[in-house]
Amino acid sequence: QVQLVESGGGLVQAGGSLRLSCEASGRTFSRYALGWFRQAPGKEREFVAAISSSGGSTYYADSVKGRFTISRDNAKSTWYLQMTSLKAEDTAVYYCAARAPPFTAWRTGSSNDYDYWGQGTQVTVSS
């Protein structure tokens, strides 16, 4: 079974940057679409970013567009969320996620459309 291990969370000052990483097991990593979600206390889990299996398409929530960047390194079976210009509103537990093919019905922003999940990492932005 595919296992996802994420890291990189922590405490950062508003306006600062963090990079989250997620490493996956499995030799078919390059075939997976990948994503990031987050959940703040008292709120539902929300979509943050996603990247296609080819790496040719990326998708972002409006709240992070222009500030966050998702990327993947297939050689390392790892993907990243580079977060810049962090705001207090970005404080949440962040989860990486992966989806196996097929992608014909894949909804990038739907947590129900991902097959595997990381354990979560806390990001706290102080103001």
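Bear in mind that the values here come from a model prediction, so they are computed numbers and not experimental data.
With hydrogens and angles disregarded, no donor-acceptor distance shorter than 3.5 Å links the side chain of Thr58 to the backbone of Ile51. With hydrogens and angles ignored, the 3.5 Å screen pairs a side-chain donor or acceptor of Ser25 with a backbone N or O of Gln3.
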Walk me through whether Cys96 and Trp36 qualify under side-chain contact (heavy atoms from CB on, under 4.5 Å). CA-CA 5 Å; Cys96 58; Trp36 290 94; 3.6 Å; yes

**Message:** One pair to check against side-chain contact (heavy atoms from CB on, under 4.5 Å): Glu6 and Leu4. What are the steps and the verdict?
**Reply:** CA-CA 7 Å; Glu6 59 186 291; Leu4 312 185; over 6 Å; no

Assess whether side-chain contact (heavy atoms from CB on, under 4.5 Å) is satisfied between Val48 and Tyr95, documenting all intermediate values. CA-CA 10 Å; Val48 176; Tyr95 299 89; over 6 Å; no

- Message: Show, in sequence, the C-alpha distance, side-chain angles and deciding distance for Gln122 and Thr124, and conclude whether the side chain to side chain donor-acceptor pair (under 3.5 Å) test is met.
- Response: CA-CA 6 Å; Gln122 177 71 46; Thr124 302; 3.3 Å; yes

### Message
I'd like to know whether Tyr114 forms a ring pair (Phe, Tyr, Trp, His ring centres under 6.0 Å) with Phe37, so could you lay out the CA-CA distance, the side-chain angles of the two residues, the decisive distance to 0.1 Å, and finally the verdict.
### Response
CA-CA 11 Å; Tyr114 292 80; Phe37 290 75; 5.2 Å; yes

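Residue pairs meeting the ring pair (Phe, Tyr, Trp, His ring centres under 6.0 Å) criterion with at least one member in residues 11-30, sequence neighbours excluded, are Phe29-Trp79. Residue pairs satisfying the salt bridge (Lys or Arg N to Asp or Glu O under 4.0 Å) criterion with at least one member in residues 91-119, sequence neighbours excluded, are listed as follows: Arg107-Asp113. Sorted by first then second residue, the salt bridge (Lys or Arg N to Asp or Glu O under 4.0 Å) pairs that include residues 117-127, not counting sequence neighbours, number zero.
A distance of 12.5 Å separates CG in Asn74 from OH in Tyr32, rounded to the nearest 0.5 Å. Here the CZ-OG distance, from Phe103 to Ser54, works out to 9.5 Å after rounding to the nearest 0.5 Å.
A search for side chain to side chain donor-acceptor pair (under 3.5 Å) contacts involving Ser110 returns nothing, not counting sequence neighbours.
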Let me have the donor-acceptor pairs involving side chains of residues 12-24, under 3.5 Å, with sequence neighbours excluded, atom names and distances please.
{"unit_1": "Gln13", "atom_1": "OE1", "unit_2": "Ser126", "atom_2": "OG", "d": "3.2"}

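Heavy-atom contacts from other residues, nucleotides or ligands closer than 6.0 Å to CZ of Arg67 number more than 12.
Here Asp62 pairs with Lys65 in a salt bridge; the nearest charged N to carboxylate O distance falls below 4.0 Å.
The shortest side-chain heavy-atom distance between Arg38 and Asp90 falls under the 4.5 Å cut-off.
Leu11 belongs to no hydrophobic cluster, as no Ile, Leu, Val, Met, Phe, Trp or Tyr side chain comes under 4.5 Å of its own.
The aromatic rings of Phe68 and Tyr94 lie tilted to each other, with the angle between the two planes from 30° to 60°.
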